[in-house]
Amino acid sequence: MSVPCVAVDRERGETVRSRLADADALDGDHQIAVDGDTIYIPVADRDRVPADLAAHVVERDAAARDRPTTPAEILGYEPSIERLGDIVIVDEDDDDRAREIADAVMAADLPCDTVLNRASPIEGELRVRQWDVLAGNGTETVHREYGHEFALDVAEVYFSPRLATERHRVVEQVESGESAVDMFAGVGPYAVPMAARGADVVACDLNERAVEYLRENAERNGVADRVTAVAGDVREIAESCADTADRLVMNLPHSADEFLDTAVALAGDDCVIHYYDIQHEDDPFGPGRRAIEAAAGDAYAVDVETERVVRSYAPHEHNVCLDVRLTRVDG
């Protein structure tokens, strides 16, 4: 069967395979093959192949790979699970079913140290939840995403691996030399890769524990010199950082509109805002667009460059992103 493969020199094989794994691009259903001095690494998603490897993608017949034992094979059904570093997360109201899934996860050939079940919704100003530890020990892990590592404790900080593709989409727009502000930064999944692309990033969060991890993650990924981590409300830096930002990330979808005056104060002469919102499917983008236009007033021209549904949030509600360019109006 012909599948897309990244073809590189054999001696680069392990390095390239690791990069593809970090980008979640590997095709686990087909075998890696070697032909002479070239290694062919099957990929499942061309869009996730790092840009410098995209020219090395070729079509090639690849043998099917024997799959390891999966939780689904043990259970007889496909459980709803999510990977976060070496933690597997289940979301079951039935305790017996949750423990059945946890037992299957631990028995399967799945790299995993801990299985957790969500024990509460996301709560409070710091957006954290309670967890039941079904197997293993602890709630701390290191998550890998598009070549970066993020240490975190899911019991103390908010982090969603489901947003990896969206974060990468935003980060790919960043240019070296930009000044960026991540207004609700968490442990740094936007801030760290933006800094890795050469931006100088101010990253704020109310959660002091998240900011501790943010600083650790900036060090871990070699960008501590380009990330200024601030524990506190982003409104507290509005004056000291006024008129400086080339890019603003506003990933607080339930209440980002309450911070638009701050965003406008932070914006430089030409600034892109990545504004996240949750709205009804009948008008998912209108409320955000109108709120940004109202906050910008006569000071900025507002150009909505992208309107994107990130994911379904609830029945008839979408988590959306608007990429909006603010251009200061002379006079």
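Note that these values count all heavy atoms, side chains included, but never hydrogens, waters or copies made by symmetry.
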Pairing of [X] and [Y] as salt bridge, 4.0 angstrom limit:
X	Y	value
R19	D52	yes
R325	D270	yes
E100	R97	no
R129	E156	no
E219	R215	no
R17	E14	yes
R328	D243	yes
E145	R162	no

Side chains of [X] and [Y], heavy atoms from C-beta outward: is any pair under 4.5 Å?
X	Y	value
D257	D277	no
L252	R127	yes
R197	V171	yes
L20	L53	yes
Y40	V58	yes
V324	D303	no
C271	L248	yes
S160	R311	yes

What do you reckon, is [atom1] of [X] surrounded by more than 12 foreign heavy atoms closer than 6.0 Å?
X	atom1	answer
D298	CG	no
E208	CD	no
N137	CG	no
E11	CD	yes
E125	CD	no
D37	CG	no

**Request:** Would you please test H143 and F150 for ring-ring contact (aromatic ring centres under 6.0 Å, His included) and show each step?
**Result:** CA-CA 5 Å; H143 176 69; F150 301 98; 7.1 Å; no
Is it the case that the side chain of [X] and the backbone of [Y] share a donor-acceptor pair, with hydrogens and angles ignored and the cut-off at 3.5 Å?
X	Y	answer
R308	V320	no
D9	R12	no
T70	E73	yes
Q279	F285	no
D45	D47	yes
T141	D86	yes
S120	Q130	yes
D323	H274	no

Donor-acceptor side-chain pairing of [X] and [Y] below 3.5 angstrom:
X	Y	answer
D91	S80	no
E317	H280	no
Y213	E140	yes

**Message:** With ring-ring contact (aromatic ring centres under 6.0 Å, His included) as the test, pick out the partner of H254 among Y313, Y276, Y158, F259.
**Reply:**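 Output: one option passes, namely Y313.
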**Request:** Report the C-alpha separation of T306 and R169 in whole Å, then their side-chain angles, then the decisive distance to 0.1 Å, and conclude whether the side chain to side chain donor-acceptor pair (under 3.5 Å) test is met.
**Result:** CA-CA 11 Å; T306 305; R169 181 191 72 85; 4.6 Å; no
Identify the two heavy atoms, one from [X] and one from [Y], that lie closest to each other, and give their separation to 0.1 Å.
X	Y	result
W131	I89	CZ3-CG2, 3.6 Å
A62	P42	CB-CG, 4.4 Å
L326	A267	CD1-CB, 4.3 Å
V211	D205	CG2-O, 3.6 Å
M106	V115	SD-CG2, 3.8 Å
A238	L266	CA-CD2, 3.9 Å

**Request:** Could you check E307 against C321 for side-chain contact (heavy atoms from CB on, under 4.5 Å), going step by step and ending with a plain yes or no?
**Result:** CA-CA 6 Å; E307 295 179 338; C321 180; over 6 Å; no
**Request:** Please report the C-alpha distance between N207 and V157 in whole Å, then the side-chain angles of each, then the deciding distance to 0.1 Å, and finally whether the side-chain contact (heavy atoms from CB on, under 4.5 Å) criterion is met.
**Result:** CA-CA 7 Å; N207 186 335; V157 304; 4.2 Å; yes
**Request:** Nearest 0.5 Å please: distance from the CG atom of D132 over to the CG atom of L116.
**Result:**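 Taking CG in D132 and CG in L116, the distance rounds to 9.0 Å.
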**Separation between CZ of R220 and CD of E149, rounded to the nearest 0.5 Å** =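 So the gap between those two atoms works out to 5.0 Å.
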**Request:** Please test D246 against V272 for side-chain contact (heavy atoms from CB on, under 4.5 Å), starting from the C-alpha separation and ending with a verdict.
**Result:** CA-CA 6 Å; D246 301 310; V272 173; over 6 Å; no
Side chains of residues 177-189: which donor-acceptor pairs under 3.5 Å do they make with residues two or more places apart or in other chains?
residue	atom	partner	partner atom	Å
E178	OE1	R247	NE	2.8
E178	OE2	E175	N	3.3
E178	OE2	R247	NH2	2.9

**All salt bridge (Lys or Arg N to Asp or Glu O under 4.0 Å) counterparts of R10, not counting sequence neighbours** =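 Partners of R10 under the salt bridge (Lys or Arg N to Asp or Glu O under 4.0 Å) test: none.
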**Message:** Grouping I, L, V, M, F, W and Y whenever their side-chain heavy atoms are under 4.5 Å apart, do I101 and V154 come out in a common cluster?
**Reply:**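 I101 does not cluster with V154.
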**Item:** Sole residue of E92, E123, E82 in salt bridge (Lys or Arg N to Asp or Glu O under 4.0 Å) with R118
**Value:**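 Only match with R118 under salt bridge (Lys or Arg N to Asp or Glu O under 4.0 Å): E82.
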